[in-house]
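Quick caveat: nothing in here was measured; it's all calculated off a predicted structure. Counting starts at 1 for both ligands and their atoms, in listed order. In what follows, residues are counted from 1 in the order of the sequence shown.
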Amino acid sequence: MPGVVKLFGEHAVVYGRPAIAAAIDRGTWATCTASDRLTVEVSGHSARLVYNAEGGSVEARGAEGFLSYVSTALRLARDTWGPLRAAIRLEGDFPPGAGVATSAGAVVAVLATYAACRGARLDRGELARLAHMVELEVQGAASPMDTWVATHGGVVKLRASPFSAEPIETSVDAYVVVLFPRRGTTGQIVADVKRLVGSRRSASAVLDAIGAVVEEAEACLRAGDAECVGQLMYINNWLLGALGVVDAEAVSLIERARPYIYGGKISGAGRGGAVLLLPRDFNTVKVLVGHMPHYVVKVDRGGVRVI
Ligand code: MEV
């Protein structure tokens with residue numbers, strides 16, 4: 001299951017504006033083996049969660065945030081495909097809650113593995129729909145962006161309502177993701193933005209401006225114009241700053257990297273989490289961020305795969 005980076009339009013997408021996200025070649029891996037009961041084990045990055053679906057027992061260290069996603073996904077999976085006894089194991093390239101759609105990846109992974117184990121046909125549309133229902137139930141507010149892109153792969157321009165998803169062919173397809181400790185969950189940060197949008201009329205103008213950036217960015221991506229994509233990443237980042245989700249650390253990193261990148265922005269809910277850089281010079285950027293968790297990522301065009 002690929003991870004997902006948000007190239008343009010996060011937060012505004014929750015309010016009906018378009019957004020562009022990309023599936024990346026790092027994400028979540030899942031296996032399923034026969035067992036006398038249904039368990040889900042999430043491990044890696046010194047985090048571990050073992051959930052015994054029948055007894056409801058849980059053993060968690062560092063991955064507690066996944067529990068409600070996993071248990072909700074299992075309930076919807078059982079309602080959709082019938083009961084299953086199996087041991088599902090998930091392992092991720094990114095630490096849980098990193099801000100790279102790890103929860104969407106885990107949900108899609110649990111659902112796809114459950115369906116495959118039950119011998120059900122892989123229907124990406126249904127997977128994406130169920131995974132979005134899980135995120136909605138757990139987070140309260142969530143656009144279908146992360147779950148749709150993790151399921152289908154590629155670079156996608158989408159709108160939440162009325163729902164539309166349009167693939168974008170682009171040669172601008174390699175980035176560096178730098179991870180910062182998160183302050184708050186996606187649900188909490190989305191709720192803070194909702195309060196701001198509900199109380200200040202000007203915040204809606206910021207959302208409109210983000211929508212305009214997305215439209216312009218689509219053309220730049222299709223043209224393979226990295227200079228233009230980078231400039232719009234800077235603009236999108238300042239607009240996200242106006243919504244209160246960009247920390248000083250992210251701004252400082254992007255400014256230090258400025259000579260070596262086309263552009264940079266936070267990617268996802270913000271307040272720590274992922275910063276996305278579009279490098280001119282990968283080697284210098286890698287040295288610059290060497291002391292922080294970072295990943296060179298390329299666009300994944302395959303989406304969810306069952307092997
Ligand atoms: C989170 O990855 C992206 C947000 O736009 C929330 C959402 O789309 O559900 C902040």
[X]/[Y] ion pair, N-O < 4.0 Å:
| X | Y | answer |
| --- | --- | --- |
| Asp300 | Arg26 | no |
| Glu218 | Arg159 | no |
| Lys286 | Asp281 | no |

Legend entry - Nitrogen or oxygen of Thr186 less than 3.5 angstrom from that of ligand 1: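 Min N/O separation from ligand 1 is not below 3.5 Å for Thr186.
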Check each heavy atom of [X] against ligand 1 and say whether those closer than 4.0 Å belong to the side chain, the backbone, both or neither.
| X | answer |
| --- | --- |
| Val4 | neither |
| Val14 | side chain |
| Lys6 | side chain |

Check ligand 1 against [X] and write out every atom of the ligand that is under 4.0 Å from a heavy-atom position of the residue.
| X | result |
| --- | --- |
| Met145 | 3 (C), 5 (O), 8 (O) |
| His11 | 4 (C), 5 (O), 10 (C) |
| Glu10 | 5 (O) |
| Ala142 | 9 (O) |
| Val13 | 5 (O), 8 (O) |

Inset, instruction - Report yes if the side chains of Arg183 and Gln188 come closer than 4.5 Å at any heavy-atom pair, otherwise no. - result: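 No; the side chains remain at least 4.5 Å from each other.
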Inset, instruction - Check whether Val287 and Val176 end up in the same hydrophobic cluster, where Ile, Leu, Val, Met, Phe, Trp and Tyr are linked by side-chain heavy atoms less than 4.5 Å apart. - result: no
Inset, instruction - Would you indicate which of Ser143, Ser103, Gly268 comes nearest to atom 9 (O) of ligand 1 when only heavy atoms are counted? - result: Ser143
Inset, instruction - Please report the closest heavy-atom contact between Val134 and Ala73, naming both atoms and the distance. - result: CG2-CA, 3.8 Å
Inset, instruction - Would you kindly check if the NZ (Lys) or CZ (Arg) of Arg258 is within the cone defined by 45 degrees around the ring axis of Tyr234 and under 6.0 Å from the six-membered ring centre? - result: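 Output yes; distance and angle both within limits.
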Legend entry - Residue, atom name and distance, where the atom is the protein heavy atom closest to atom 2 (O) of ligand 1: Asp146 OD2, 2.9 Å
Inset, instruction - Any salt bridge (charged side-chain N to carboxylate O under 4.0 Å, His left out) involving residues 235-245? Give me the pairs, sequence neighbours left out, ordered by first then second residue. - result: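 Salt bridge (charged side-chain N to carboxylate O under 4.0 Å, His left out) check on residues 235-245 returns no pairs.
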